[in-house]
2 protein chains.
Amino acid sequence: MKDSPENQIVNAILDAISEQRLPAGTKLGEQALSDLFACNRANVRRALASLAAQQVVELRPNRGAFVMTPSPKEARDIFQARRAIERTIARHASGQASAEDIAFLRGNIQEEAKARKAGDKPAELRASRQFHMRIAYIAGNLVLERFLSELTMRSTLILGLYSPTGSSSCAEDEHDRIVDALEAGKTDELVRLADEHLRHLEEGLNFDEPPAAPMSLREQLAAPRKPPAAE
Amino acid sequence: MKDSPENQIVNAILDAISEQRLPAGTKLGEQALSDLFACNRANVRRALASLAAQQVVELRPNRGAFVMTPSPKEARDIFQARRAIERTIARHASGQASAEDIAFLRGNIQEEAKARKAGDKPAELRASRQFHMRIAYIAGNLVLERFLSELTMRSTLILGLYSPTGSSSCAEDEHDRIVDALEAGKTDELVRLADEHLRHLEEGLNFDEPPAAPMSLREQLAAPRKPPAAE
DNA sequence: TTATCATTTATTGTTAACAATTAATGATAA
DNA sequence: TTATCATTAATTGTTAACAATAAATGATAA
């Protein structure tokens with residue numbers, strides 16, 4: 001029941017990105033990946049080609065693969081697309097949730113709150129993403145589910161780049177009300193809540209400051225120490 | 001200014017599918033492709049991996065790559081997603097079209113009509129697809145544009161499988177009215193027209209009969225001649 | 001004939017070696 | 001010291017040969 005090496009790599013990278021362990025701009029060397037997953041470079045290359053097709057990885061010729069760095073314009077497009085898709089998902093999920101679905105979502109909200117209190121950002125992001133993806137699952141449209149999966153992934157990169165540390169995640173009371181509306185089958189309200197929820201998330205972004213650090217291992221280690229004299 | 005071999009292959013296959021020259025289920029052999037595009041198999045494999053990530057090609061382990069054969073359920077999901085995305089696109093394109101855009105669209109409608117009369121199905125499909133994609137371009141959201149590109153591609157495969165030959169394309173008068181509403185900036189009407197247009201397209205599908213032919217070169221050549229005796 | 005099985009053929013999957021390109025290092029000159 | 005340039009190292013891109021798997025063919029037996 002084991003996955004192909006290619007899928008393993010793809011999923012590992014997607015997981016890492018969705019938990020912000022892999023920041024935008026990180027180089028994904030072929031050698032490093034083939035060592036890590038104990039496979040040949042051919043598999044690594046196919047995995048990177050897949051990720052590039054999903055716009056999660058950027059492939060620069062003769063330079064290698066890098067985690068995509070979304071521009072402000074891309075960020076706007078992505079959130080606009082998310083609203084369109086999640087509104088549709090909300091409309092089709094409304095009243096379709098099973099008892100298990102509702103239980104999962106309520107548990108998920110608590111899990112996210114706990115992670116936030118504990119300062120465990122990866123767990124918080126993972127929970128938040130699972131919340132949105134579960135509703136997509138309830139809606140029962142695999143195409144929209146896949147699109148949303150890609151968009152949440154890229155959203156995480158955007159939050160990592162343009163979020164003033166802290167406002168990066170969803171407001172939990174909004175998730176609460178979404179589940180209420182979903183369970184009650186109040187379609188119009190659910191759609192409105194989903195739309196507003198995403199608008200709030202987008203409003204928390206700040207594109208004025210530079211996109212943080214492009215980074216490389218060397219720079220990450222060289223940055224902390226300040227110049228001894230001068231200023 | 002030439003593309004990488006990988007992009008060449010990807011674009012050639014996408015073009016062929018979008019004009020129904022490559023029907024669903026067609027095998028895409030690595031050797032055949034590397035011969036055709038005068039490149040090594042490594043490039044072919046990356047191209048196929050990209051196409052698989054876009055759900056346009058199915059990758060069966062140890063069997064090879066095949067043009068995706070959408071199931072009825074997938075067909076429904078795809079058209080549902082298309083409506084959601086094209087409605088959003090219509091809303092954002094409304095009133096944003098330049099004079100060139102309008103001229104292109106009107107010219108495109110004539111082109112499609114001409115191709116239909118001439119019985120040139122590939123040209124008709126190409127024109128129809130360009131119509132939808134141009135409106136996506138006007139809307140100015142690259143993410144939605146890419147999603148729609150994928151969905152129109154898969155729609156073409158669906159039409160090839162489940163369309164009772166003839167009703168396979170868009171009604172041209174609908175395209176006409178869409179351009180009118182787009183030019184006039186009548187947003188609500190435009191969105192309604194776009195939605196109805198896609199519903200009509202979907203209503204023309206017939207899932208009762210078997211998905212046509214799975215086919216292989218040999219079967220295609222063997223089928224026409226009937227058994228001489230017996231029955 | 002029909003069905004089953006071994007053999008052959010073709011295709012995909014894997015690996016390693018080599019070439020080409022780019023980044024990094026260190027030397028030289030202003 | 002700073003800038004420029006040649007040299008070196010590392011990484012990506014390409015190619016070919018080999019192994020593994022599945023399909024096609026043909027032979028054998030019922």
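In this text the structure is predicted, and so the values were computed from the model without any measurement. Chain identifiers are assigned alphabetically (A, B, ...) following the order of the sequence lines, protein sequences preceding nucleic acid strands; residue numbering begins at 1 within each chain.
If you measure from atom CD of A/Q31 to atom P of C/dT22, you get 20 Å, rounded to the nearest angstrom. Atom-to-atom, CG of A/N7 to P of C/dG13 comes out at 13 Å; the value is rounded to the nearest Å. Regarding A/E30, its CD atom lies at a distance of 16 Å from the P atom of C/dT14, rounded to whole Å. If you measure from atom CD of B/E6 to atom C1' of D/dT14, you get 14 Å, rounded to the nearest angstrom. Put simply, CG on B/L33 is 16 Å from C1' on C/dA10, counting in whole angstrom units.
A heavy atom lying under 4.0 Å from DNA chain C marks the following residues of residues 46-66 of chain B, by number: B/P61, B/N62, B/R63, B/G64.
Ion pairing between a basic and an acidic side chain is recognised when a charged N comes within 4.0 Å of a carboxylate O; A/R146 and A/E150 show no such pairing. Remark: B/R116 engages B/E112 in a salt bridge, criterion side-chain N to carboxylate O under 4.0 Å.
A close approach under 4.0 Å does not occur between any side-chain nitrogen or oxygen of B/R41 and OP1 or OP2 of C/dT12. For the pair B/N43 and D/dT14, the criterion of a side-chain N or O lying under 4.0 Å from OP1 or OP2 is met. A sub-4.0 Å separation between OP1 or OP2 of D/dT14 and a side-chain N or O of B/N40 is absent. Within the 4.0 Å cut-off from OP1 or OP2 of D/dA23, not a single side-chain nitrogen or oxygen of B/K27 is found.
Counting heavy-atom neighbours within 6.0 Å of A/Y137 OH, excluding the residue itself, gives a total of 12 or less. Within 6.0 Å of NZ in B/K73 there are more than 12 heavy atoms belonging to other residues, nucleotides or ligands.
Distance check: B/M68 CE to B/L157 CG gives 9.0 Å after rounding to the nearest 0.5 Å.
Considering B/R76, B/R83, B/R82 as possible partners of B/E202, the one that fulfils the salt bridge (charged side-chain N to carboxylate O under 4.0 Å, His left out) test is B/R83.
At a threshold of 4.5 Å between non-hydrogen side-chain atoms, the residues B/H132 and B/H175 count as touching.
Side-chain polar atoms of B/H197 and B/E86 form no donor-acceptor pair below 3.5 angstrom.
Where pairing requires Watson-Crick or G-U contacts shorter than 3.5 Å, the helical stems of DNA chain C with at least three consecutive pairs are C:1-30 with D:1-30.
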Test log, rule side-chain hydrogen bond (donor to acceptor under 3.5 Å, both in side chains), inputs A/D101 and A/S98 | CA-CA 5 Å; A/D101 291 328; A/S98 69; 3.0 Å; yes
